[in-house]
Engineer: 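One structure is given below, represented as structure tokens, and several questions about it will come after.
On a predicted model such as this, the values are computed, not experimentally measured, just so you know. All values below were derived from every heavy atom in this structure, side-chain atoms included, with hydrogens, water molecules and symmetry-related copies excluded. First the proteins, then the strands, lettered A, B, ... as listed; each starts at 1.
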There are 2 protein chains.
Amino acid sequence: MTRNAPSTEDKIKEAARKLFVEKGFGSATTRDIAECAETNVALVNYYFRSKENLFQAVFQESFAQTFVPIAGILNDDLPLEVKIYKFVDQITDLLKRAPMLPIFILSEMRGEHAPMCQAMQQAGAMQPADGFRKQLEEEAAKGHIRPVDARQVEANLMALVLFPFLGMNILKMKHQMSDEDFSKFVDERKKVVPETILAYLRSGLV
Amino acid sequence: MTRNAPSTEDKIKEAARKLFVEKGFGSATTRDIAECAETNVALVNYYFRSKENLFQAVFQESFAQTFVPIAGILNDDLPLEVKIYKFVDQITDLLKRAPMLPIFILSEMRGEHAPMCQAMQQAGAMQPADGFRKQLEEEAAKGHIRPVDARQVEANLMALVLFPFLGMNILKMKHQMSDEDFSKFVDERKKVVPETILAYLRSGLV
DNA sequence: CTTATTTTTAATCATTTGCTTAATGTTTGA
DNA sequence: TCAAACATTAAGCAAATGATTAAAAATAAG
């Protein structure tokens, strides 16, 4: 019982994902993609009408795969400390499976594709983590943590989790890391990052 | 007394910097660059021999401008707390003047240009922050902070300072920020980030 | 001034790139 | 079974792109 052979359309989309993520929109050609998908250029346009169209399809899936889970976990109904550990743990594991997605998304969200941002905002793909904000306010009211700007805390969390993947190449080189070393490094951050966030939230309490 | 008219070569390099940073290597064409520099394509190749060559020149300058100061400040001879505040303050101001540099550098350091990493490593453009590591060890020995992995602390610092610029577009959209709002946001981080780092370093002390 | 060198221009070449077309093969459903 | 819809292929087009050339213009040197 062999796995279902993927449809041509799916093979093209997967090839496109690989190449767009690896080289960026401008440097990946339709012929690259066709070859990588083991078909020809005509089929790429037959299924997706244009390179731009294909890119949109790939980008939106990638975006949903990366940034939607992030807001999701933050709005979960969990105790603050548990939530933060869960967030770091799950996002880290997600990114270990697709380490280039963040840099792909952020880098394509410039220049001619910058307007996509707005489009996706309106599509509701990016709801603010309102539950998280309220939770921080409640915990502060109870005196469990100090009063904070939720946007700053959220940015800190995202920064600490995403950055090692965004700067993976530089990081690996700077510290002469093998793939395995890097994997260990981000695993260690499953402790470091929550401790950092919680230390900030709890610092300066009377 | 008007400022020296920039040479054609410099006008081309500046135009290239603007367009490479804005659109990436693959999406910026030599004709774009020539037009933006108010010359013609032949001159681009006359001064730089090839698009790839021009890119290398621009990239290396941008890299030096961004990542060398970072390691520099960390190795300065300053008390830990002062150093951290200075680091965040200076790098933030630097990035406010060139907010797209980080995403440019990280995004171009993939695909066909990934080998540049190694080349720049060997050129010594990326010395590890050894002074910072020793300082952290000494402070830990004195009991002023807890024992830490310097690489993790350094990564945290870089992450917290760089990330808002890397994710500028998403951030501005998610929180409906104007340019001014964003500027305020990163200025507030001049307090938030050092407090976060220091809270971590001082947490769990007996 | 004259010659040599450097800089600039316009025209052009060879490829590449996104996309289309027309013909052929394959599947599906009535 | 047969036609209608779908899938695939090879060939090619027009525009864009990186690079070059040869000649003209500007600048520097003797």
Engineer: Pick base, sugar-phosphate or nothing for Thr8(A), based on heavy-atom distances below 4.0 Å to the nucleic acid.
Structural biologist: sugar-phosphate
Engineer: Under 4.0 Å between a side-chain nitrogen and a carboxylate oxygen: does that hold for Glu195(B) and Arg189(B)?
Structural biologist: no
Engineer: Without decimals, in angstroms, what is the distance between Ile12(B) CD1 and dA19(D) P?
Structural biologist: 13 Å
Engineer: What verdict does the salt bridge (Lys or Arg N to Asp or Glu O under 4.0 Å) test give for Asp181(B) and Lys184(B), after you've listed the backbone C-alpha separation in whole Å, the side-chain angles of each residue and the deciding distance to 0.1 Å?
Structural biologist: CA-CA 5 Å; Asp181(B) 292 334; Lys184(B) 268 187 207 162; 5.1 Å; no
Engineer: Give every pair of a protein N or O atom and an N or O atom of nucleotides 13-20 of chain C that lie under 3.5 Å apart, one pair per line with the distance.
Structural biologist:
residue: dG18(C); atom: OP1; partner: Lys51(A); partner atom: NZ; Å: 2.7
residue: dG18(C); atom: OP2; partner: Thr30(A); partner atom: N; Å: 2.8
residue: dG18(C); atom: OP2; partner: Thr30(A); partner atom: OG1; Å: 3.0
residue: dG18(C); atom: N7; partner: Arg31(A); partner atom: NH1; Å: 2.7
residue: dG18(C); atom: O6; partner: Arg31(A); partner atom: NH2; Å: 3.0
residue: dC19(C); atom: OP2; partner: Lys51(A); partner atom: N; Å: 2.6
residue: dC19(C); atom: N4; partner: Arg31(A); partner atom: NH2; Å: 3.4

Engineer: Grab the OH-C1' distance between Tyr47(A) and dT9(D) for me, whole Å please.
Structural biologist: 13 Å
Engineer: Check the angle between the aromatic planes of Phe55(B) and Phe104(B) and answer parallel, tilted or perpendicular using the 30° and 60° thresholds.
Structural biologist: perpendicular
Engineer: Given atom CD of Glu38(B) and atom C1' of dT7(C), what is their separation to the nearest angstrom?
Structural biologist: 17 Å
Engineer: In whole angstrom, give the distance that lies between atom CD of Glu35(B) and atom C1' of dT17(D).
Structural biologist: 14 Å
Engineer: Rounding to a whole Å, what distance do you find between Asn40(A):CG and dA10(D):P?
Structural biologist: 7 Å
Engineer: Quick one: Glu9(B) CD to dT27(D) C1', roughly how many Å, whole number?
Structural biologist: 17 Å
Engineer: Check this for me: does any side-chain nitrogen of one of Arg146(B) and Glu139(B) sit under 4.0 Å from a carboxylate oxygen of the other?
Structural biologist: no
Engineer: Tell me, please, whether Phe25(B) has Lys23(A) positioned over its six-membered ring: NZ or CZ under 6.0 Å from the ring centre and within 45 degrees of its axis?
Structural biologist: no
Engineer: Please round to the nearest 0.5 Å and tell me the distance separating atom CG of Leu160(A) and atom CG of Asn156(B).
Structural biologist: 5.0 Å
Engineer: What's the CD-P distance between Gln56(B) and dG18(D), to the nearest Å?
Structural biologist: 16 Å
Engineer: Rounded to the nearest Å, what distance is computed from the CG atom of residue Leu19(B) to the P atom of nucleotide dT17(D)?
Structural biologist: 12 Å
